**Student:** 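Here you go, one structure.
On a predicted model such as this, the values are computed, not experimentally measured, just so you know. Numbered from 1 within each chain, the chains take letters A, B, ... in sequence-line order.
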Amino acid sequence: MKKVVVVLKVNGKSYELIIESHMLLGDVLRDKLGLTGTKYACGTGDCGACLVLIDGKPALSCLTLAVTAKDRDILTIEGMSEGGNLHPIQQAFLDNGAIQCGYCTPGMVLSAKALLDDNPAPSKGEVKEALASNLCRCTGYVKIVDAVLAAAKTMGKGGKS
Amino acid sequence: MEQELSIVGKRLPRADAPPRATGAMQFSVDMTVPGMLTGRILHSPYPHARIKKIDTSQAKEVPGVEAVITYQDVPKMPFTRSAMAEALPSFAYEGEVLDQYIISDKARYIGDWIAAVAAVDVYTAEQALDLIEVEYEQLPAVFDPFEAMKPGAPVIHEGKKKNIAGTISHAFNCGDVDKAFKESDFVVEFSGKNSRQKHCHLEPDSAIAFWDTNGRLTVISPCQNAHLAKKAFARRIFDMREGDIRWITPAVGGGFGARLAFGVEPLAAFLAKVACKPVKVITTREEDFAGWAARTEQYQTMRIGVKKDGTLTGIEMRIVSDSGAYFSHSGTITAVNMQHTLGLFRFPNVDAQAKIVYTNTPIASGFRGYGNAEGSFILQQCIDMLAEKVAMDPVEFRLKNIKKVGEPSFFIPVPLDHCQLEQCIRLAAGKIGWKKKWKGWGKEKPDRIKRGVGMSIMNHASGAGGFLLEHSSVLIKLNEDGSANLTVSPCEMGQGILGALSQIAAESMGLCYEDIHVVTGDTDVTLFDIGSHASRSTLVIGNAVIDAGNKIRKQLLDLASKQLGVAAAELDIKAGRVYAKSAMEKNISVARIAHDAIYNYMDKGAHISATGSFLSTSHNPNFQAAFAEIEVDTETGVVKLLKYVVAHDIGRAINPQSVEGQLEGGTAQGIGLALTEDFMVDAVTGRTLTDSFATYKIPSTLDMPEMDFIIVEDPAPKGPYGAKGVGEPGLVNVAPAVANALYDAVGVRISTMPISPEKVLAALKGK
């Protein structure tokens, strides 16, 4: 197994790592960096639990080779609440009761961030569309969609993006 | 008199939610233990095969491999995967079939466990799996339970003739059904089955296990009933003392009944024993799909008689349950189907029988709704067929035949003590606009896309008291600052039970909600509890919390009485202060009392603490009515659920936001069961065809209709502050309500789940 040295920029910090060239980004985040907020659930790109943002765009870390993410900006759920302050999207998930088991939450929150960065005032239909590839087995999505709409309102009022 | 409540009934945030939002919450699959090995499983490629020879010598030579096990190595005590069975009374436990070993002695389905490896990492473990040489003798296999019962069918478990693992005669059979049918004006018959729904909990199955030098075993896993799992491990699998097992349950990433049966825990424990190191067994989604938990498929035939005036005369039910390769929950889930389904309406004559049959397919198990969703799909369609026969409105027909308070209840033979079902039916019918939207029987609708409305009602137990050992014990201790540690042992798999129990604790003691700290997830610390299932936790554990809370309250009042010089009976506690009811200025903080009780230099010290227990001997039924409005495209067969209205009789909502969450989430799973979730085993090879989220379709945001949930509150006599259960019911009514709406729209009935476009088109063609 070929080992390579890569520099990954995760949540604003650079990490120099020696990894096998076939390693997936999700495994590197979880096993090498201890960032277990990125979840493993299907391994086949069907559920969105492992979703992270690379250069602001949603990416499934279970299908992404870690080496392809070098020198790019990777944002995981841990980077959403740095300094202990919850991001308005996270706060909205809490306020709206949008979290049950929480296993899909990191991917959902990051998907929502990608949406709101791109479209700060989405319609309900646009929120549903944007989150359609993030599966949740607990909530029935009602409160998740409500939370994203609520977050859009808060952020529109000058919350941090 | 209505109790004045300050914390119960409020939409309060769950203390365990923020770490789930930040990614900090650790699930079993996220956890590591120093020196831990990785365990992987070798699965059978054949549905039925004898293991003639198994050679692990090459696998053991791989550097980094520390344990390789086969059926020859594992303990020889047979067990059932259903840890819940430990809570059955002995007469019922005899109905359980102990038919499994940690590793199978013979392959009984594609995916059966043939060997396992523990190695330094997953790559090494998988390399070793490839080097295990197995010589199989392929045996004829059978994938259909009716074929399995025929003479000459392959025998899956020695000694089980016709592959019948067990039979069940319903405990409340009564009267003479044949006579009743003769005296009926109409008898309808309907046969169908539910699908083998997969739980699809997003957190995959995993387990970490390690043994310490004193021979004590620690298991870390997502488990819904850790205390029972501990007992089953001790008594049935490893022949050790319960006290020598510590079971840790971190946050659980969805359960839905899957974690009521063992996953990979026995394997992790045995690999760890052989390797003398901690082992974490991990699994993939593909393994899970072809694996060891899914809703038991029940083939059901119902016959029901009715008089012209709409009076039901009797019901006959026959069930054949496909348990798959091993017994697990297939017996109890079938019995519970009968208990729920046959008791909702007033049937003076009842005859129900079931057979549980082995096939060479993945293992069936328990699933949210536990028999009730399966039975309701058939029963509620029958009820509509009967209403049509006697030309009655389905709403009126149900109102005429549902049981009322005082009549025999359904789960165990006691009188029904609380029921708001009639209210639920009326409220939900009003909300959907039934009178306007339902046009009567047999009305042809124009246009390619046709609309229809349908309904379904249900009863469900809030804990299986009288059947299972519904025992919960809890511990509360007060800290020096007046906050309280609440030690409880439900399984928090997302339902919000820790929040609900915290609200109950704060209310019962008179503390602030924020001052409750929950301690949970470790059997070394928690008191006995049978875990979370059967919509039981709020009612049973909640009552145990009140028992402990009342004892703490008494201790606080006695100590405050001495300090304030006011009789205890004249005192009350609110928001963490004890005060005299007649003179509020006479007061003292709980913090002060708790602190001084411990830091007492004058007298014998005391730490304010109490245990509380509750044994529920009844089932405290909750009720629900649901209405679906759908659209059917008669050219494509696609059924679209437009609107879904539910009214649920909860007794009291401890936290309305969590109650809504349970109903919404249950409904989503019900929509999957009704319309898209179609677990398929190839009829020729026995291979699981649906082994990913790409091939097995659970609902996404785009599949959710407009929904309305009405929470009907009228405190139930035995609930904590009147609360009853809500964990499972959201799922139960969806498929039957949609099926009845389909009949209203296009006049066809679908008898098997899911109601797929193919089935709808075929039915329309055959009309």
**Student:** Side chains of B:F693 and A:S133: does their closest heavy-atom pair fall under 4.5 Å?
**Tutor:**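 With C-beta onward as the side chain, the pair stays apart.
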**Student:** Tabulate, in ascending numerical order, the residues of residues 46-54 of chain A having at least one heavy atom closer than 4.5 Å to a heavy atom of chain B, or enter 'none'.
**Tutor:** A:D46, A:C47
**Student:** Could you check which of B:Q495, B:E492, B:R14 has the highest count of heavy-atom pairs closer than 4.5 Å to chain A?
**Tutor:** B:R14
**Student:** Do the non-hydrogen side-chain atoms of A:T139 and B:E664 ever get within less than 4.5 Å of each other?
**Tutor:**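 No, side chains not in contact.
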**Student:** Identify which part of B:A251 has an atom lying under 4.5 Å from any heavy atom of chain A, answering side chain, backbone, both or neither.
**Tutor:** neither
**Student:** Select all residues of residues 19-28 of chain B having any heavy atom within less than 4.5 Å of some heavy atom of chain A, and report them by number, or 'none'.
**Tutor:** B:R20, B:A21, B:T22, B:G23, B:M25, B:Q26, B:F27
**Student:** Given side chains that start at C-beta, do those of A:R137 and B:H199 come closer than 4.5 Å, heavy atoms only?
**Tutor:** no
**Student:** Please rank B:A668, B:G661, B:S692 by heavy-atom pairs under 4.5 Å with chain A and give me the top one.
**Tutor:**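 Option with the top pair count is B:G661.
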**Student:** Using heavy-atom distances under 4.5 Å, tell me whether B:M704 contacts chain A through its side chain, its backbone, both, or neither.
**Tutor:** both
**Student:** Hey, does A:T44 have a side-chain heavy atom less than 4.5 Å from the side chain of B:R285?
**Tutor:**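 No, their side chains stay 4.5 Å or more apart.
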**Student:** Applying salt bridge (charged side-chain N to carboxylate O under 4.0 Å, His left out), name anything that partners A:E20, two or more places apart in sequence or on another chain.
**Tutor:** A:K3
**Student:** Decide if atom NZ of B:K697 counts as having more than 12 heavy atoms of other residues, nucleotides or ligands within a radius under 6.0 Å.
**Tutor:** yes
**Student:** So which bits of residues 91-98 of chain A come within less than 4.5 Å of chain B, counting non-hydrogen atoms only?
**Tutor:**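 Residues in range: A:L94, A:D95, A:N96, A:G97.
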**Student:** Donor-acceptor pair, A:Y141 side chain versus B:P699 backbone, under 3.5 Å?
**Tutor:** yes
**Student:** Pick one of side chain, backbone, both or neither for B:F256, based on which atoms fall under 4.5 Å of a heavy atom in chain A.
**Tutor:** side chain
**Student:** Under a 4.5 Å heavy-atom cut-off, does chain A meet the side chain of B:M707, its backbone, both or neither?
**Tutor:** side chain
**Student:** Counting only heavy atoms closer than 4.5 Å, note whether B:T667 contacts chain A via side chain, backbone, both or neither.
**Tutor:**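 Neither part, no heavy atoms under 4.5 Å.
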**Student:** Please classify the contact between B:V252 and chain A as side chain, backbone, both or neither, with a heavy-atom cut-off of under 4.5 Å.
**Tutor:** backbone
**Student:** Can you tell which part of B:S206 gets under 4.5 Å to a heavy atom of chain A, answering side chain, backbone, both or neither?
**Tutor:** neither
